[in-house]
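Remember, it's a predicted structure, so these values are computed and weren't measured experimentally.
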Number of protein chains: 2
Amino acid sequence: MAIIEKHKFQPNALARSLVNKKTGMIGVLFPDSSNMFFPEVFGGAERAAQKLGYTLFLCNTFSDYNRESEYLNLLCERQVDGLILMGGRINSRHCPPSLVQEVVDIQRKIPIVLINGTLPGHPCHRVKTDEYLGTKLIVQHLIDRGHRQIGFLGGSEVTTTTVEKLQAYRRTLEANQLSYRNEWVRMGSFSMSCGRQLMEAFLTMSNRPTAILCINDYVAIGAMKTAISRGLRIPEDIAIAGFDDTQLSSAMNPELTSVSQQSEQLGMQAMLILSKLIQKEKVTKLTVLAPNLIIRQSTQ
Amino acid sequence: MAIIEKHKFQPNALARSLVNKKTGMIGVLFPDSSNMFFPEVFGGAERAAQKLGYTLFLCNTFSDYNRESEYLNLLCERQVDGLILMGGRINSRHCPPSLVQEVVDIQRKIPIVLINGTLPGHPCHRVKTDEYLGTKLIVQHLIDRGHRQIGFLGGSEVTTTTVEKLQAYRRTLEANQLSYRNEWVRMGSFSMSCGRQLMEAFLTMSNRPTAILCINDYVAIGAMKTAISRGLRIPEDIAIAGFDDTQLSSAMNPELTSVSQQSEQLGMQAMLILSKLIQKEKVTKLTVLAPNLIIRQSTQ
DNA sequence: TTGTAAGCGTTATCAC
DNA sequence: GTGATAACGCTTACAA
């Protein structure tokens, strides 16, 4: 011990990992650190990881398939013990089979958990919140508040989660004998500026919705800002709801009704399941978390 | 090549790094992923890292000295090529010398860049925004808008950045022949809930400030929310300004005047300097970025 | 208890 | 150019 101290001996984890064949590292792919939803998820994952003795390797893919592939390769070379995947290809409808195959090949050697996504045609360990139910809850809430004209704003039709929400929206309307109208559904992206633009378009309509469900909090806030700048009161003149319940929704004024995906739980669960997979324990393939409707000022 | 493909040969970066004595990994310590400022900084750092062929190892210390030490140790064991440090001990007045020494010892072996912090008594490569100037700009702006009673909300006196801002606040008041009043300065923490609480206290004062400078956007938003819930109009009844110009400030309603620290630039510069240090190039010890006053609705 | 040797998957060196 | 070999720093198994 004295001699360790004296020579300031520094253990080398690389050499140790080379022998042990485990690194204690978990690779985490996510699409965008500027969307608070993701930092929240890996906040939860990190907490769980610390308890389990793992350490996270976060990789911002910027939703770019190439970067995803690069990182995937990098993480394999670095011998991570497991992978958590979010966004990008696992949320893509029409995902090129080669990209799916890439993940499938890796999965043969390294345990993988997907958050809010799938690998079409291949069974996979997944953690997700029930976004269908979440959407249903919020549409029903709007209907219960007396709204009959409900719009849907943002997202992209090439994204599986958007399609799932859209379906829930449509079916919930129908279940309430309300008509689904194409012109009340506007897609684009997931950003605040998208929310602004799409809302502009809505406001020029003669017969516009009285309530709007947005694909996420960012789009909702963009929509709110446009509405407010046009002199509309929220929720009196138009009700607006978001999704994800990021910290933005409670920060806003008026505060934004949103559906919590339990982002931290999502990360924790994924990490928990991954650690079991690494220990070769049997784990349920699919873990579904219940969404949580958080009603705030923007809809009542 | 055929045989590589056939056997699905997977190169092992650990073994390679063991020989090369470089891993291409940069350790990044930061205090809190739920404060958007930090994801913004490492967004910039990541972009730079990708260009330079490095990859980031992000470590959320939750501002806990012990966790900092653990991660520091972990990153050394893992043989990272360099370190970027934010928050925690490098922002602490009265930082225990042993914690400083720990970093100094590491610095002998691994290049380190500090963002917005110092290692008291030890020269160090640092990147920072001029928070003194940033504060001055915003106080001057409030004064120019006609305010004579300006308060200071949030932060903590054990944090170097808070002290720096407080000093700038005080001196700018004095330079304008305005009196500094103790009861107009309230400290606490850096959270939205802190902003709410401190604002409550302000509002009970008979002679309260007409404008408030907050330590960051989160505190500012908390303060705004309390003010609004008390029926005050912003900025007519009370002007409020934040700091950091996170995405929250432009999302708010009314939009929040704030000082941009150029968070992405901060991360990019740190990464750039670090890579030069790793290549043993000479680099200037201190890089100061100019803050940017972003005037929005909350102060005019 | 202490010590020695083999091996992890690379890279680099030095003969050939 | 090709091919064998040592070395990187650690762990583990086995021998002394």
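In this structure a side-chain-to-backbone donor-acceptor pair under 3.5 Å is missing from Thr159(A) to Thr162(A).
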Short N/O separations, protein against nucleotides 2-6 of chain C, under 3.5 angstrom:
none

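The CD1 atom of Ile115(B) sits 4.5 Å away from atom CE of Met86(B), with the distance rounded to the nearest 0.5 Å.
The two residues Pro39(A) and Pro39(B) come nearest to each other via the heavy atoms CG-CG, 4.2 Å. The two residues Thr160(A) and Ile90(A) have their closest heavy-atom pair at OG1-O, 4.3 Å.
Taking atom CG of Asn20(A) as the reference point, atom P of dG7(C) lies 17 Å away to the nearest angstrom. Rounding to whole angstrom units, CZ of residue Arg78(A) and P of dC8(C) are separated by 23 Å. In this structure, the CD atom of Glu77(A) is 14 Å from the C1' atom of dT11(C), given to the nearest Å.
Between Tyr218(A) and Phe190(A), the gap from one ring centroid to the other reaches at least 6.0 Å. Between Phe57(A) and Phe57(B), the gap from one ring centroid to the other is short of 6.0 Å.
Contacts classified as salt bridge (charged side-chain N to carboxylate O under 4.0 Å, His left out) and involving residues 88-98 of chain B (residues at least two apart or in different chains) are given here: Glu68(B)-Arg89(B), Arg89(B)-Glu102(B).
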Item to complete: Classify every nucleotide of nucleotides 2-9 of chain D by which part a protein heavy atom approaches to under 4.0 Å, writing B for the base, S for the sugar-phosphate alone and - for neither, in 5'-to-3' order.
Response: ------BB
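With 3.5 Å as the limit, one finds a donor-acceptor pair spanning the side chains of Tyr65(A) and Ser92(A).
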